[in-house]
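Below is one structure, written out as structure tokens, with a few remarks after it.
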Amino acid sequence: MNSTANERTVDEHDVDPVAAALSLLLDAHRDDTSGALADYIPELATVDPDGFGIALTSVHGRTAHAGDARTPFTIQSVSKPFVYALAACELGIDEVARHVGFEPSGEPFNAISLDAATGRPANPLINAGAIVTSALVGGGDAEERFDRVRAFLSACAGRDLDVDEAVYASEDATGDRNRALAHLARSAGVLRQPVDDATEVYFRQCSLVVTTEDLSVMAATLANGGVNPVTEATVMSERVATVTLAIMTTCGMYDHSGAWMARVGLPAKSGVGGGIVAVNPSQFGIGVYSPRLDEYGNSIRGSDVLQSLSERFELHVFDHPDRPRSPIVRADDHTGEHGDELTLVVRGELDLISAEEVVAFLREWAATRTAGTIHVDASGVSRVREVARRLLTATIERLRATGFAVTIDGTV
Ligand code: GLU
């Protein structure tokens, strides 16, 4: 090496390797100008078609970005999973499910997709389902209900989001198909508000202005079990975040959702404004933006960048980890003055499989002895799932009943 530390530029010291990798991904797809802007909402056709940005926020709350990550655009259908989460927080998952289903429709976003028997839209991520879902939020007039929507999406993004009034006016002026969907849902008894109120809130929610950075924080909030990792605010329950991700997994990319999960393997939601959110549960959220769309209404470069990212960084949610993680960090086995003694140090989160590992270890150790002392050091355990608690308690009781002395540090 010829260069010394003193000769390096400030930039070299400052380079964020994640941002650098994101930037290379954008470069690989930058020249693809295929696809077209959405123009059925005329105002959407006025944006710069070349805008291209990406941001990734980890569950630790750090964001890396590249390209036009701060370019504003309207959120459009990317709002739908978040409004679903809001309705599920307010009414409960089961009550929302009485109005809108969980099944992929396999049809375009604006399809007339209502169940023949129940009148329910197939899922909350197609337009019919999204209109029904946002009409479940709040109890007051359209203004009160939209305020709730805006406040919730802002909490997910970690900053106050505003409406693009020109896009809203444009959606309202050309929204006859959405009104038709709302009328059908209303006549089937699943739309809780008058049609004009319901579509007003829905058009406003689609016209909220975001950046890819906002989308990455919103996605990271879902990845992080409903806690915004930047502001640390609890925005939704863990259960609602899980169910929202499940719906994104099966229905997020319109009638392209199956191929998307096979190839990219990240729960996602796209919007005709050119934005996409993608989530790797427990790890990170991503926002991408590029407004030229394919025939399904998904951003072309946005989808391709996510596919490259998933392949190059090995991010498919169903990828297999190197080896199962064990909660046992140390096992000391010795003979003391009171006979055989075992000290077992366990750490991390105890769920079904990690508790089963601990239980199997204890049972094996006890199987070759008639008595002894077991000390379980669980002081480094971060969380104990109910199923793990039951397995461990039953095993410890059984060991005590058969002549072993068991002490526990911390709670299991
Ligand atoms: N506001 C748009 C509509 O309802 C959203 C569609 C989308 O992003 O897929 O037509």
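Note: hydrogens, waters and symmetry copies are ignored here, and every other heavy atom, side chains too, is used. Whatever order the structure lists them in is the order used to number ligands and atoms, beginning at 1.
The shortest contact between atom 9 (O) of ligand 1 and any protein heavy atom is with Tyr254 OH, 2.2 Å. Summary of contacts: the protein heavy atom closest to atom 10 (O) of ligand 1 is Tyr40 OH, 2.6 Å. Distance from atom 4 (O) of ligand 1 to its nearest protein heavy atom, with residue and atom name: Tyr202 OH, 2.7 Å. Among protein heavy atoms, the minimum distance from atom 2 (C) of ligand 1 is reached at Gln76 OE1, 3.1 Å.
Distance check, rounded to the nearest 0.5 Å: CG of Asp39 to OG of Ser170 gives 10.5 Å. From Phe318, atom CZ reaches atom OG1 of Thr249 across 6.5 Å, with rounding to the nearest 0.5 Å.
With a 4.0 Å cut-off on non-hydrogen atoms, Val78 does not touch ligand 1 at all. Counting heavy atoms under 4.0 Å from ligand 1, residue Glu171 touches it through the side chain alone. At a heavy-atom cutoff of 4.0 Å, ligand 1 is contacted by both the backbone and the side chain of Ser77. Heavy atoms of Val272 found under 4.0 angstrom from ligand 1 belong to the backbone as well as the side chain.
Judged by the shortest distance from any of its heavy atoms, Phe203 lies outside the 4.0 Å radius around the atoms of ligand 1.
Backbone and side-chain nitrogen or oxygen atoms of Lys80 are examined, and none is located within less than 3.5 angstrom of a nitrogen or oxygen of ligand 1. An N or O contact shorter than 3.5 Å is missing between Ser270 and ligand 1 by distance.
Taking the six-membered ring for Trp and thresholds of 30 and 60 degrees, His256 and Tyr296 have nearly parallel ring planes, at less than 30 degrees apart.
Using a cutoff of 4.0 Å between basic side-chain nitrogens and carboxylate oxygens, Arg292 and Asp32 are not scored as salt-bridged. A salt bridge links Arg330 with Asp332: the distance from a Lys NZ or Arg NE/NH1/NH2 to an Asp or Glu carboxylate oxygen falls below 4.0 Å. Between Arg383 and Glu238, at least one side-chain nitrogen of the basic residue sits less than 4.0 Å from a carboxylate oxygen of the acidic one, meeting the salt-bridge criterion. In summary, Arg389 and Glu386 engage in a salt bridge, as defined by a charged side-chain N under 4.0 Å from a carboxylate O.
In summary, the atoms of ligand 1 found under 4.0 Å from a heavy atom of Gly271, numbered by their order in the structure, are 8 (O). Heavy-atom proximity to Cys206, at under 4.0 Å, picks out these atoms of ligand 1: 1 (N). For ligand 1 and Asn178, the ligand atoms under 4.0 Å from any heavy atom of the residue are 3 (C), 4 (O), 10 (O). Using a 4.0 Å cut-off to heavy atoms of Asn127, the atoms of ligand 1 that qualify are 3 (C), 4 (O), 10 (O).
Taking the ring centre of Phe52 as origin, the terminal cationic atom of Arg301 falls inside the region bounded by 6.0 Å and 45° from the ring axis.
Nearest heavy atoms, Val272 versus Leu293: O-CD1, 3.6 Å.
The side-chain hydrogen bond (donor to acceptor under 3.5 Å, both in side chains) test with His29 is passed by exactly one of Ser290, Ser303, Ser308: Ser308.
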